[in-house]
Amino acid sequence: MTPQKSVKETAASLQEVTVRFPDGTELRFAKGALLSELLTRANPRWAEPTVALKVNGTVMGLGQRLLEAPGGTDPVLIEPIFFSSPEGQEVYRHSSAHIMAQAVKELYPNAKLAIGPPIEDGFYYDFDLGRPFTPEDLEKIERKMKEIIASRYPFERKALSKKDAIRFFEEKDERYKVELIRELPEDEIVTVYEQGPFTDLCRGPHVVSTQQIAAFKLLTAAGAYWRGDERNPMLQRIYGTSFPTQEALEAHLKRLEEIKRRDHRRLGKDLDLYNMIDEIGPGLVIWHPKGALIRKLIEDFWREQHLRHGYDFVYSPHIARLDLWKQSGHLDFYRENMYAPISIEGIEYELKPMNCPFHIMIYKSHLRSYRDLPLRFAELGTVYRYERSGVLHGLMRVRGFTQDDAHLFCRPDQIEQEILKVLDLTVFTLKTFGFDEYEIYVSTRPEKAVGSAENWERATAALEAALRTKNMAYRIDPGEGVFYGPKIDLKIKDVLGRSWQCTTVQVDFNLPERFHLSYIGEDGKEHQPIMIHRALMGSIERFFGVLIEHYAGAFPLWLAPVQMKVMPITDRQHAYAHDVAEALTAAGFRVETDARNEKIGLKIREAEMAKTPYMVILGAREVQGRKLSVRKRSGENVGELEIPSFIERLNNEVSNKSV
RNA sequence: GCCGGCGUAGCUCAGUGGUAGAGCAGCUGAUUCGUAAUCAGCAGGUCGGUGGUUCAAUCCCACUCGCCGGCUCCA
């Protein structure tokens with residue numbers, strides 16, 4: 001199996017070449033030198049252990065040789081890659097995945113290898129085992145991985161012809177690997193990596209030795225289809241993660257704990273915000289009073305902003321005749337997400353999955369002039385979409401949800417300006433909730449789509465132009481547009497750095513055509529308006545779920561369902577507590593009084609667990625001085641205040657919408 | 001939808017082929033207390049649902065509903 005080195009290559013390996021390091025240092029090396037030799041000799045005092053090297057811009061493993069470097073330049077440019085970079089993590093975790101695969105093969109020789117890539121925060125490997133992995137299996141695999149790491153196997157790269165590679169993996173009965181290799185181009189050189197007795201198909205690169213994987217943990221096992229296609233066999237996937245130090249691993253595990261602690265499904269129950277129950281059905285939310293109040297406050301804010309930004313509010317029904325959905329094209333392109341029609345007096349009606357056709361009907365209710373445009377119809381519109389049972393997830397993925405929807409009708413020359421306005425409103429809205437960072441994607445034409453290629457291009461160009469004007473960095477997401485037009489998707493980053501898709505802005509050249517929308521232009525002739533669909537928070541349900549996790553349930557004062565609790569220490573302060581609560585309520589705050597015959601410690605504990613922003617503690621001293629002793633949920637003691645100065649403080653905090 | 005795990009009191013969870021327990025919450029009483037849990041008593045469950053095996057099922061089996069972790073998909 002050892003590939004033969006050509007005579008020419010051997011000769012070449014004796015020659016020398018200059019290597020330039022990032023600090024400008026240049027050293028001479030034999031062309032056949034191992035990259036790890038470069039590193040030792042150069043002693044470059046790099047702060048972190050080097051995972052791999054970037055050689056003339058290509059990431060290479062330290063076990064590779066200088067002569068494999070691309071470009072064949074002299075000098076050869078070298079850059080270190082540390083674990084702290086995304087590339088370093090990829091190499092490190094990819095190697096970790098190989099170690100896991102070796103462990104699995106040693107423990108379960110019949111397991112077939114599929115694929116095992118690095119992913120964000122870790123790695124996975126898919127196996128065909130014929131049965132699922134149990135938690136005990138994972139423990140055994142972890143122990144075996146530790147042995148493999150202790151064995152200090154070097155990762156050795158071997159190149160094979162496609163034919164040899166197929167034969168090699170056929171002999172091992174690794175049918176998935178064979179399938180992968182067969183799809184490579186005919187003349188492709190296939191590389192494999194060996195670590196001790198284990199060989200895996202792999203492009204690489206890898207760390208030098210298994211010993212380099214210092215700290216790892218296997219996290220979960222789950223089913224996954226071969227190549228993500230449900231018609232293919234179900235494989236068994238093991239997820240794991242690895243880090244160069246035990247501390248870094250533990251920090252990561254702690255973060256996972258933190259994510260669990262913030263889980264909106266747990267907090268939603270603990271804080272009594274909302275629920276989803278069997279009797280009603282999966283993916284259908286009931287909002288309990290506290291959650292409903294928060295929702296109301298969010299919606300009030302939304303309405304206020306939309307009024308200021310020139311939107312008109314509209315309302316539309318939950319069902320409409322099937323014909324409407326035929327005309328809109330939803331029945332052709334969105335059917336799999338729609339519920340079965342309801343027959344009423346012989347006419348079929350359909351539960352709405354989107355609000356657009358209704359807003360279009362409002363547009364069509366008058367003859368429109370170019371002077372009327374742009375028209376902006378906004379609605380907190382509740383829609384119902386069939387989602388497969390396995391994809392439902394708390395508030396993040398439901399079957400009935402309310403979009404903060406709007407449809408803008410404008411002239412072609414107004415598109416860019418309208419999108420700019422939408423972006424402004426989006427940024428302002430998100431910022432109010434403490435989201436300052438986001439990822440932006442522009443999705444282009446999918447396979448299943450209506451409308452001409454030319455229209456798609458025009459629309460996409462408008463979206464990109466607006467983003468460039470706003471200096472907002474974006475990435476292209478090819479083929480991910482909705483069937484009726486390209487879109488901008490904005491994923492917000494929460495306090496833990498996780499991304500959530502909320503905002504979407506979609507240009508639509510198609511619905512105006514299907515519904516024969518028109519306006520009378522300056523020239524007195526009919527023209528077709530452009531339509532823009534947009535939702536800033538996306539779905540109120542999802543946005544609320546994200547907010548719960550973002551704030552860890554501790555809603556800022558302006559959103560907190562109960563803003564403060566008035567807590568008399570004994571019943572001798574009840575009368576004063578009543579007066580205080582009345583004064584605060586009269587000032588417009590949401591106040592509860594805890595007049596139970598309980599110790600103050602318990603009252604504070606319960607207010608803390610309910611994440612109430614302020615606690616107003618009233619004992620004999622406060623009654624005496626007609627004051628308030630104010631404590632924040634952070635534990636901070638604000639001290640003794642007079643009622644008016646407390647109210648002023650609260651008013652400031654609410655009007656600033658301090659996060 | 002698919003693979004796997006789970007479903008026991010309002011919540012978090014023990015448990016067993018002979019019809020169930022704890023802590024918290026609830027109710028009652030006592031305690032009048034200064035910044036994250038006062039004490040005692042009481043009450044609370046057709047063990048997700050349906051069917052089957054069995055003298056006997058919460059436990060075993062089948063089906064079904066739901067939840068959780070993934071796959072796929074999306075606001």
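Throughout, protein chains are lettered first and strands after them, A, B, ... in sequence-line order, and every chain is numbered starting at 1. Here the structure is a predicted model, which is why all the values come from computation and not from measurement.
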**Request:** Looking at every strand, decide which applies to Ile600(A) at a 4.0 Å heavy-atom threshold: base, sugar-phosphate, or nothing.
**Result:** sugar-phosphate
**Fill in**
The single option from Lys611(A), Arg596(A), Lys565(A), Arg633(A) that satisfies salt bridge (charged side-chain N to carboxylate O under 4.0 Å, His left out) with Glu606(A) is Arg596(A)
**Message:** So if I take every side-chain heavy atom of Tyr225(A) and compare against rC71(B), rG34(B), rU12(B), which nucleotide ends up nearest?
**Reply:** rC71(B)
**Asked** Would you call Lys487(A)-Asp489(A) a salt bridge at under 4.0 Å N-O?
**Response** yes
**Request:** For Arg388(A), answer base if it contacts any base atom (sugar-phosphate contacts may also be present), sugar-phosphate if it contacts only those atoms, and nothing otherwise; contact means non-hydrogen atoms under 4.0 Å.
**Result:** base
**Request:** Have a look at Gly601(A) and say if it touches a base, only the backbone sugar-phosphate, or nothing, with a 4.0 Å heavy-atom cut-off.
**Result:** sugar-phosphate
**Message:** So, under a plain 3.5 Å distance rule, would you say the side chain of Glu387(A) forms a donor-acceptor pair with the base of rA75(B)?
**Reply:** yes
**Prompt:** Is Arg572(A) side chain donor-acceptor paired with the rU32(B) base, going by distance under 3.5 Å alone?
**Reply:** no
**Asked** Which whole number of Å gives the distance between the P atom of rA43(B) and that of rG48(B)?
**Response** 24 Å
**Prompt:** Which nucleotide sits closest to the side chain of Gln501(A): rA75(B), rG66(B), rG70(B)?
**Reply:** rA75(B)
**Message:** Taking any heavy-atom pair under 4.0 Å as a contact, classify Glu608(A): base, sugar-phosphate, or nothing.
**Reply:** base
**Request:** Answer with base, sugar-phosphate or nothing: what part of the nucleic acid does Arg265(A) contact at a heavy-atom distance below 4.0 Å?
**Result:** sugar-phosphate
**Asked** Is a side-chain donor or acceptor of Lys112(A) paired with a backbone partner of Leu129(A) at a separation under 3.5 angstrom?
**Response** no
**Message:** Using the side-chain heavy atoms of Met609(A), tell me which of these nucleotides is nearest: rA36(B), rG1(B), rU12(B).
**Reply:** rA36(B)
**Sugar-phosphate only, base, or nothing, as touched by Ala607(A) at under 4.0 Å among non-hydrogen atoms** = nothing
**Message:** Between P on rA40(B) and CD on Glu598(A), what's the gap in Å once rounded to a whole number?
**Reply:** 14 Å
**Prompt:** Quantified in whole Å, what is the C1' atom distance between nucleotide rG26(B) and nucleotide rG44(B)?
**Reply:** 9 Å
**Prompt:** Any ion pair linking Asp128(A) and Arg175(A) (charged N to carboxylate O, less than 4.0 Å)?
**Reply:** yes
**Request:** Record whether the side chain of Arg397(A) comes under 3.5 Å of the base of rC73(B) through a donor-acceptor pair of N or O atoms.
**Result:** yes
**Fill in**
Of the candidates rU32(B), rA75(B), rC71(B), the side chain of Ala224(A) sits closest to rC71(B)
**Asked** In whole angstrom, what separates Leu602(A)'s CG from rA37(B)'s C1'?
**Response** 6 Å
**Request:** Determine the contact category for Ile569(A): base if any of its heavy atoms lies under 4.0 Å from a base atom, sugar-phosphate if only primed atoms, P, OP1 or OP2 are that close, otherwise nothing.
**Result:** base
**Message:** Just to be sure I understand the rule, does Val383(A) reach a base, reach only the sugar-phosphate, or reach nothing, if contact means heavy atoms closer than 4.0 Å?
**Reply:** nothing
**rC2(B) to rU64(B) separation - P atoms, rounded to the nearest Å** = 9 Å
**Request:** Would you write the dot-bracket representation of RNA chain B, where each base gets (, ), [, ], | or . depending on whether it forms a Watson-Crick or G-U pair under 3.5 Å and with which partner?
**Result:** (((((((..((((....[..)))).(((((.......))))).....(((((..]....))))))))))))....
**Message:** Please report the distance, rounded to the nearest Å, between NE2 in His393(A) and C1' in rA75(B).
**Reply:** 14 Å
**Prompt:** Does the distance from a Lys or Arg side-chain N to an Asp or Glu carboxylate O, for Glu608(A) and Arg631(A), drop under 4.0 Å?
**Reply:** yes
**Asked** rG4(B) P sits how many Å from Tyr239(A) OH, rounded?
**Response** 17 Å
**Item:** Six-ring centre of Trp500(A), Arg542(A) cation under 6.0 angstrom, axis tolerance 45°
**Value:** no
**Asked** Is it true that Glu418(A) and Arg534(A) make a salt bridge, defined as a side-chain N closer than 4.0 Å to a carboxylate O?
**Response** no
**Prompt:** Rounding to a whole Å, what distance do you find between Gln573(A):CD and rU35(B):P?
**Reply:** 14 Å
**Request:** Would you indicate what Gly223(A) reaches in the nucleic acid, counting non-hydrogen atoms under 4.0 angstrom: base, sugar-phosphate, or nothing?
**Result:** base
**Message:** If you only use heavy atoms from C-beta on, which nucleotide in rC73(B), rC3(B), rU35(B) is closest to the side chain of Val391(A)?
**Reply:** rC73(B)
**Fill in**
Out of rU38(B), rA75(B), rG70(B), minimum distance to the side chain of Ala222(A) belongs to rG70(B)
**Item:** rU38(B) and rG45(B), which share atom name C1', separated by this distance in whole Å
**Value:** 29 Å
**Message:** So for Asp571(A) and rU32(B), does any side-chain atom that can act as donor or acceptor lie under 3.5 Å from a complementary atom in the base?
**Reply:** yes
**Asked** Do the side chain of Tyr124(A) and the base of rG70(B) come within less than 3.5 angstrom through a donor-acceptor pair of N or O atoms?
**Response** no
**Message:** Could you check whether Arg261(A) pairs with Glu257(A) (Lys NZ or Arg NE/NH1/NH2 to Asp/Glu carboxylate O, under 4.0 Å)?
**Reply:** no
**Prompt:** Under 3.5 Å, side chain of His550(A) to main-chain N/O of Val546(A), donor-acceptor pair present?
**Reply:** no
**Prompt:** Counting just side-chain N and O atoms, does Ser389(A) come under 4.0 Å of either OP1 or OP2 of rG1(B)?
**Reply:** yes
**Fill in**
Looking only at rC11(B), rA36(B), rA75(B), the nucleotide nearest the Lys269(A) side chain is rC11(B)
**Message:** Looking at the base of rG34(B), is there any donor atom on it, or on the side chain of Glu622(A), that sits under 3.5 Å from an acceptor on the other one?
**Reply:** yes
**Message:** Taking any heavy-atom pair under 4.0 Å as a contact, classify Ser629(A): base, sugar-phosphate, or nothing.
**Reply:** base
**Request:** Using the six-membered ring wherever Trp is involved, compare the ring planes of His264(A) and His393(A) and label them parallel, tilted or perpendicular (cut-offs 30° and 60°).
**Result:** tilted
**Request:** To the nearest Å, give me how far apart CG (Asp272(A)) and P (rC24(B)) are.
**Result:** 21 Å
**Item:** rA36(B) OP1/OP2 closer than 4.0 Å to side-chain N/O of Arg631(A)
**Value:** yes
**Request:** Write down the distance between CG (Leu395(A)) and P (rC68(B)), rounded to a whole number of angstrom.
**Result:** 11 Å
**Fill in**
Whole-Å distance, Leu392(A) CG to rC71(B) C1', equals 15 Å
**Message:** For a quick check of understanding: with a heavy-atom distance under 4.0 Å over all strands, which category does Lys487(A) fall into, base, sugar-phosphate or nothing?
**Reply:** sugar-phosphate
